[in-house]
Every structure is written in structure tokens, then in C-alpha cells.
Amino acid sequence: MRVREWDPRTASAAEIRSLVGTVNAVLATDLPDDPPWVDGQVRDYLAETMPGERRISWVAEDDRLPEGESEIFAHISMLLLGDIGVLEVIVQPRLRRRGLGRQLIAVAARRAYLEGFSTIGVEAIGGTPAIAFYEALGFEREYVETRSVLTLSGVDWPALTVMSNSIGAGYRVEFHPGGPPDHLLEAYAQAKLEAPEEEDDLDLAPRSSDPQRLRDSLDTLHKRGLKPYIVLAVHDASQVVAGLTEVVVPAHHPERADQYDTIVVRDHRGYGIDRAIKARMLFELRSAEPGLREVQTWNAQHNESMLKVNAELGYQADRDWYEYGADVAQLVQSLEPID
């Protein structure tokens, strides 16, 4: 078994296929109801980052075969942004409890330490071995949210029609596949500033809330094979974006879409905007993505209003997801003494 730094940009097609196979083995064990990955822009998904951000990856592989031909048994990536390194770790289930995950985290933590980063964060899925694994390494739980899944075949479309038409007078709802038009980008960015601040959230996926960063974000989504769909509620009198909802369809699991932000600007709450825009989005997705079967979303457990809206739409709570954080220096010291 060898561990080496790995660049998806230069990886062989066989390595990408092997990594997808490892991801699917993990999904089959930990999230058996989730759709498997397909090799749809996986290389781009792993390689592309926002301007000013970097991603470093390592793999553990069979050392009996040449690089580029061996089987990838485990993978870790670290996205470096701000003063935090965000980890994603997978290990073949049949090779767990052999120290591979610990070894990969030690390598990543060492790099984060040498580059001056102070914190490492990671998501762990409730009901999987990851919880005990990270807590044993000294990671501390910082934040929890619940994933809910909507199965489109079970949607009550007549009820959804009522919801999509229930927006108050003086607002119009617009659908923008690919992203908002340029003339609305500044108003869109202003609305994004209304996103709730979660005191305990480690901000492992920071939002973009200025026009240029939004342009960069949308460009990066497309490069990574993540197709964005946007529904906006626009206030007719002021032309401000009063509400927005975002869904992304990934090329590597196109049967299940990911819900991103849903935001209603404070001054425009109470007019049915949240229900109307999320209902409209589902109608648009049904037309634009005929192969789509499900949409998944994540919400803080105290966000009762959005949880209620999602329940009305037909979302079913699935399981909890946790954010864990660790001090880099302490983690390095516990895993590998600093010379």
C-alpha cells in the first residue's frame, strides 16, 4: 500500500474509474439509498476550484502496480479556503479499521500545518462509522443539520400548482437555467446577503454574495459539471430580488439534484414567496431534467419555517449530517509529532 499526492487533472482514466468504484462502494455501505456515481465530469468535479481556493488530494493505492494502473483504495482531498482546510475522506469499506483513514488525515493535517492553516473541518454523516472515527481523532462537533429527500414520483403536483401560484400580489417569479441574467446579478447578490448566519456553522461551503464572486461561482459550477437552476421572486415596484432558490444537478449523479440556498429577503417575508419559488423550481426541473428522480436538501434543525415548507412540498427527513472541526497544530501533534 502506498500513499501519494494525486492530481485529478493528470490522473489516468483508469484511476478515475477506480476512484468512482471506491466512491460507489462507500455509498453502497453507508448510504445505500443514494444513487451511485457515474463517470460524468468526475475529473472536472475533483479538479476545479473557485479563484483563490486550492484543492490538494492524496490516494492510497495498491503498490504492486505502476502508478496510473493500480486500484485506489482510499482518497482524501483538502480544499484550502480562508483559514480553514475542508476535508473529504473515503476508504473502501472492506479495508476500514486498518489505519488508512488515519494515515491520510495525518498527511493532510501536516500539509495544512506547513501552509499556515489553523483549522481543519469535515462533514460526517450520521449513522456511519465516520462519527466515531473523527471523534476518536479529536475532532469536535460544531454544527448539525438534517438532510431531507424529495422523490419526484411521489409529488402531489396539483397541490404544488396551488403553492406555486400562492405568491402575494406585486411579485413575479422567474426561472433562470444556468444562472441569473447579468442585469439581475447585483440584486441577486444583495439578496444572498440575507442568508442566515449560523453561529456554530464552520462555513465549509461559503456562500458567494458579491456580483463578481457570483460570476466566478457560477462559472466554477459549470466547469465542475454542476448544472445550476435558479428561480427568483422579483418585487415589481422596486425590481429587487425578494427571494431566490437554487438547485444544482451534478453530472456525476444526475438522478439526484442538490438544493443550495433558499432565501427570502426580510422585508418581503409573509407573502408566500418561499413556497411559491420552491414549487416553481420543481415544475421547471420536471421539464428541464426528465431523468431527475430526487432532490436533496439540508436544513438546520432550528430552521422551523423552511422545514415546514419542505414538508409541505413532500420532502422526507433522511438523516443528520454533522460538521466537525479540529485545531491543526493539535491534530498534527496527536497524529504525527512535529519535528
Side-chain angles (χ1 to χ4, degrees), residues 23 26-27 30-35 37 45 50 77 79 81 84 86-90 121-128 130-131 134 139-152 154-155 191-192 194-209 217 220-221 224 226-231 243-250 252-264 274-275 277-279 281-282 285 289 292-325:
V23 169
V26 171
L27 288 174
D30 294 343
L31 294 168
D33 294 328
D34 280 30
W37 281 25
Y45 176 72
M50 287 276 288
S77 71
L79 180 64
L81 49 93
I84 190 171
V86 182
L87 301 180
E88 293 185 9
V89 188
I90 60 165
V122 67
E123 281 190 337
I125 304 168
T128 70
I131 301 298
Y134 290 117
F139 283 79
E140 295 184 357
R141 187 178 298 180
E142 304 284 353
Y143 184 70
V144 60
E145 58 187 356
T146 299
R147 183 179 78 166
S148 300
V149 179
L150 174 68
T151 302
L152 294 180
V155 167
K192 294 275 279 185
E194 293 270 342
E197 294 292 336
E198 305 290 357
E199 292 181 1
D200 298 325
D201 189 352
L202 281 175
D203 211 14
L204 302 186
R207 296 177 178 87
S208 302
S209 55
S217 178
T220 303
L221 287 175
R224 297 186 73 201
L226 305 172
K227 190 187 304 182
Y229 293 96
I230 312 295
V231 171
L244 62 93
T245 191
E246 308 160 332
V247 167
V248 168
V249 178
H252 59 280
H253 57 80
E255 292 184 358
R256 180 180 287 191
D258 297 328
Q259 174 79 60
Y260 282 16
D261 280 342
T262 297
I263 298 168
V264 178
D274 46 7
R275 289 172 177 80
I277 59 178
K278 294 197 77 168
M281 175 66 81
L282 294 176
L285 289 173
E289 296 284 343
L292 189 67
R293 296 184 179 182
E294 298 167 317
V295 182
Q296 59 187 2
T297 188
W298 290 262
N299 296 103
Q301 293 178 336
H302 58 75
N303 190 352
E304 295 180 2
S305 61
M306 191 54 65
L307 290 171
K308 181 180 178 182
V309 170
N310 287 340
E312 292 173 359
L313 291 166
Y315 282 87
Q316 299 291 320
D318 177 37
R319 63 173 73 202
D320 292 336
W321 292 56
Y322 302 94
E323 290 182 6
Y324 282 87

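Computed from a prediction, not measured in an experiment: that's the story for all the values here.
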Quick one: are R319 and L31 in side-chain contact, heavy atoms under 4.5 Å?
-> yes

Could you pull out the closest heavy-atom pair between A317 and T146, with the gap in Å?
-> CB-CG2, 4.2 Å

Under a 4.5 Å cut-off applied to non-hydrogen side-chain atoms, are V309 and Y315 in contact?
-> no

Any chance you could lay out the side-chain contact (heavy atoms from CB on, under 4.5 Å) test for V86 and V122, step after step, and finish with the verdict?
-> CA-CA 6 Å; V86 182; V122 67; over 6 Å; no

K192/E246 ion pair, N-O < 4.0 Å | yes

Rounded to the nearest 0.5 Å, what's the gap from CG on L226 to CG on D258? Could you check?
-> 8.0 Å

Could you walk me through whether E142 and Y324 pass the side-chain contact (heavy atoms from CB on, under 4.5 Å) test, one step at a time?
-> CA-CA 5 Å; E142 304 284 353; Y324 282 87; 6.0 Å; no

Is the closest side-chain heavy-atom distance between S148 and Q296 below 4.5 Å?
-> no

Any side-chain heavy atom of T245 sitting closer than 4.5 Å to one from Q259?
-> yes

With no hydrogens and no angle check, is any side-chain donor or acceptor of E123 less than 3.5 Å from a backbone partner on W321?
-> no

So how far is it from E194 CD to D261 CG, rounded to the nearest 0.5 Å?
-> 12.0 Å

How about W37 and Y45: are their ring centroids closer than 6.0 Å?
-> yes

Partners meeting side-chain hydrogen bond (donor to acceptor under 3.5 Å, both in side chains) with E312 (sequence neighbours left out) = R275

May I ask you to say whether K227 pairs ionically with E289, meaning some side-chain N is under 4.0 Å from a carboxylate O?
-> yes

Quick one: closest heavy-atom pair of L152 and L292, and the distance?
-> CD1-O, 3.6 Å

Would you please indicate yes or no on a ring centroid separation below 6.0 angstrom for F139 and Y134?
-> yes

So which heavy atom on M50 is nearest to which on S217, and how close?
-> SD-CA, 3.2 Å

Separation of I263 CD1 from M306 CE (nearest 0.5 Å) = 9.0 Å

For D30, which of V26, L27, D34 qualifies under side chain to side chain contact (heavy atoms under 4.5 Å, CB included)?
-> V26

L79 and L81: which non-hydrogen atoms are nearest, and at how many Å?
-> CD2-CD2, 3.3 Å

If every non-hydrogen atom of A124 is compared with every non-hydrogen atom of I131, which pair is closest and at what distance?
-> CB-CD1, 3.7 Å

The reported gap from CG in L313 to NZ in K308 (rounded to nearest 0.5 angstrom) is 12.5 Å

Do D320 and Y322 come within less than 4.5 Å of each other through their side chains, counting heavy atoms only?
-> yes

Flag if over 12 foreign heavy atoms under 6.0 Å of CD, E88 = no

Do L150 and V155 come within less than 4.5 Å of each other through their side chains, counting heavy atoms only?
-> yes

Under a 4.5 Å cut-off applied to non-hydrogen side-chain atoms, are K278 and N310 in contact?
-> yes

So, for L244 and A191, which heavy atoms are closest and what is the spacing to 0.1 Å?
-> CD2-CB, 3.8 Å

Sorted by chain and residue number, the side chain to side chain contact (heavy atoms under 4.5 Å, CB included) partners of D318 (sequence neighbours excluded) come out as R147, V149

